[in-house]
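A short write-up of the structure that comes next.
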Amino acid sequence: MPLRDAIEQRYPHTGGLVPAMRERLISVCEEYLANGYGDGNAEQRLSSADLHIYWQQLSEVLLAQQLTVAGIKFSHQAAGPDFRIDDNGRRIWIEVVTPTPANVPAAWLAPADNGVRDFPHQEILLRWTAAIKAKADVLLGNAGYVASGVVAPEDCYVIAVNGRLMRGYDGAFDALYGISQFPFAVEATLAVGPLQVRFDRETLEASEPEHQRRYEIHKPKGLPVPADTFLDAKFAPISAIWATDIDEFTLLDRPAKMVAVHNPGAKHSIPVGFLPAHDEYVAQILDESTYQLDRIEGRTAPPEEISVVVDVPA
């Protein structure tokens, strides 16, 4: 099916912002394809009726648009990560992934009309950790980008994760921040868990709230999943996580929800303020068991709290 027909069929609504978004989306996708920013099957994937295939490709389009708006020049290579940036002698690769909502409860994705639902923070976090691990393996595996020479040892490597598919089809809550009130990308890489209060058994006095150290996430079945990627020297070739919850309506100049989480042990870091993000998280290792995590205002404006409801095929 031609690209225009496929997008018009996916977004058939005629009211509100949808018609303007649809035309803008078609234009941006056509420009993306004309510039050769996608793989050879990019148009086919953008025209796919499969929601997950479509979003895997659309996330690349949307993040390419964010780079363009930020004035960051990039290219796409036939072999290798999705985007290559050459910046003042520094080469930065960006690999994009959109986790599918496997094992995320249907009651969260498609809630009842009463709007009451539980926040499946652990299920969503497991999807973030799986996505990050998968793209780390693509870089570091036996046949990965480093082993094959596509990514050089001195290059920077950024994993861009779009949480859009895990926020629910009504878009009422984003899928960027976890139970800790930090981004899921922080929870998945820096062992940050929920807030807790300690009680003295004798005096019953409560401590000040503090975050748990959560090095592993337990699953209903199977072995626990590590949540300390950036505290493990094995993952030093990963420079940062570019964490987003971005959708089609950002093409109408609505600020996207994006943060950058930097690897404190990275062999080659990217500068703070380089990536489009409204917040950046930088950890400073203090000793073997302690680090300080700072939130720094990013280069983009904070996103407005605008919610747009769009029906999409399940």
Side-chain angles (χ1 to χ4, degrees), residues 36-42 45 56-57 59-60 63-64 66-67 72-100 126-163 183-191 215-216 223 225-244 258-272 274-277 280-283 285 291:
Y37 292 152
D39 292 331
N41 63 348
R45 291 168 64 81
Q56 291 293 336
Q57 188 61 58
S59 292
E60 293 180 26
L63 291 178
Q66 291 296 320
L67 292 172
I72 299 173
K73 295 183 179 180
F74 62 93
S75 62
H76 175 76
Q77 307 298 300
D82 297 306
F83 306 127
R84 169 180 156 176
I85 300 169
D86 293 296
D87 177 67
N88 295 322
R90 178 192 298 111
R91 179 163 295 166
I92 302 171
W93 299 92
I94 300 178
E95 180 80 347
V96 181
V97 59
T98 306
T100 60
L126 285 169
R127 301 309 299 147
W128 278 83
T129 57
I132 292 169
K133 181 182 183 302
K135 292 307 179 181
D137 290 345
V138 168
L139 176 70
L140 302 171
N142 292 334
Y145 293 139
V146 172
S148 62
V150 173
V151 174
E154 66 272 16
D155 292 350
C156 300
Y157 182 81
V158 175
I159 300 174
V161 185
N162 182 11
F184 281 111
V186 170
E187 294 184 0
T189 58
L190 291 168
Y215 293 98
E216 296 180 329
L223 296 174
V225 176
D228 60 349
T229 304
F230 283 174
L231 303 178
D232 186 339
K234 179 174 62 177
F235 297 101
I238 301 173
S239 304
I241 306 296
W242 186 17
T244 75
M258 302 183 292
V259 302
V261 181
H262 296 262
N263 184 354
K267 288 182 178 178
H268 302 284
S269 302
I270 60 171
V272 173
F274 179 81
L275 289 171
E280 306 209 26
Y281 293 83
V282 179
I285 303 297
Y291 69 83

In Å and rounded to the nearest 0.5 Å, what is the [atom1] to [atom2] distance from [X] to [Y]?
X    : Y    : atom1 : atom2 : value
Q57  : N41  : CD    : CG    : 6.5 Å
H76  : I94  : NE2   : CD1   : 13.0 Å
L275 : I85  : CG    : CD1   : 7.0 Å
I241 : I159 : CD1   : CD1   : 4.0 Å
S269 : I238 : OG    : CD1   : 12.5 Å
K267 : C156 : NZ    : SG    : 12.5 Å

Practice task
Fit a plane to each ring of W128 and F184, take the angle between them on a 0 to 90° scale, and name the class: parallel (under 30°), tilted (30 to 60°) or perpendicular (over 60°).
Solution key: parallel
For residues [X] and [Y], determine if any side-chain heavy atom of one lies less than 4.5 Å from a side-chain heavy atom of the other.
X    : Y    : answer
V282 : P264 : no
F274 : I72  : yes
D232 : P226 : no
L63  : W242 : yes

Looking at [Y], is its backbone amide N or carbonyl O close enough to the side chain of [X] to form a donor-acceptor pair, meaning the two atoms are under 3.5 Å apart?
X    : Y    : value
H268 : I92  : no
Y291 : L190 : yes
H262 : A240 : no
S59  : Q56  : no
E95  : D82  : yes

Please name the pair of heavy atoms, one in [X] and one in [Y], separated by the smallest distance, quoted to 0.1 Å.
X    : Y    : value
W93  : P81  : CE3-CD, 3.4 Å
N142 : A147 : O-CB, 3.2 Å
L139 : Y157 : CD2-CD2, 3.3 Å
N263 : A236 : ND2-CA, 4.0 Å
T229 : A188 : OG1-O, 3.6 Å
K135 : V97  : CE-CB, 3.6 Å

Problem - Worked check of side-chain contact (heavy atoms from CB on, under 4.5 Å) between Y215 and L231 - result: CA-CA 9 Å; Y215 293 98; L231 303 178; 4.1 Å; yes
Handout entry: Residues N162, V96; criterion side-chain contact (heavy atoms from CB on, under 4.5 Å); working and verdict
Key = CA-CA 8 Å; N162 182 11; V96 181; 5.7 Å; no
Exercise for the section: Just jot down the side chain to side chain donor-acceptor pair (under 3.5 Å) partners of D87, sequence neighbours excluded, or say none. Expected result: R90
Exercise for the section: Quick one: list whatever passes side chain to side chain donor-acceptor pair (under 3.5 Å) with D228, sequence neighbours left out. Expected result: none
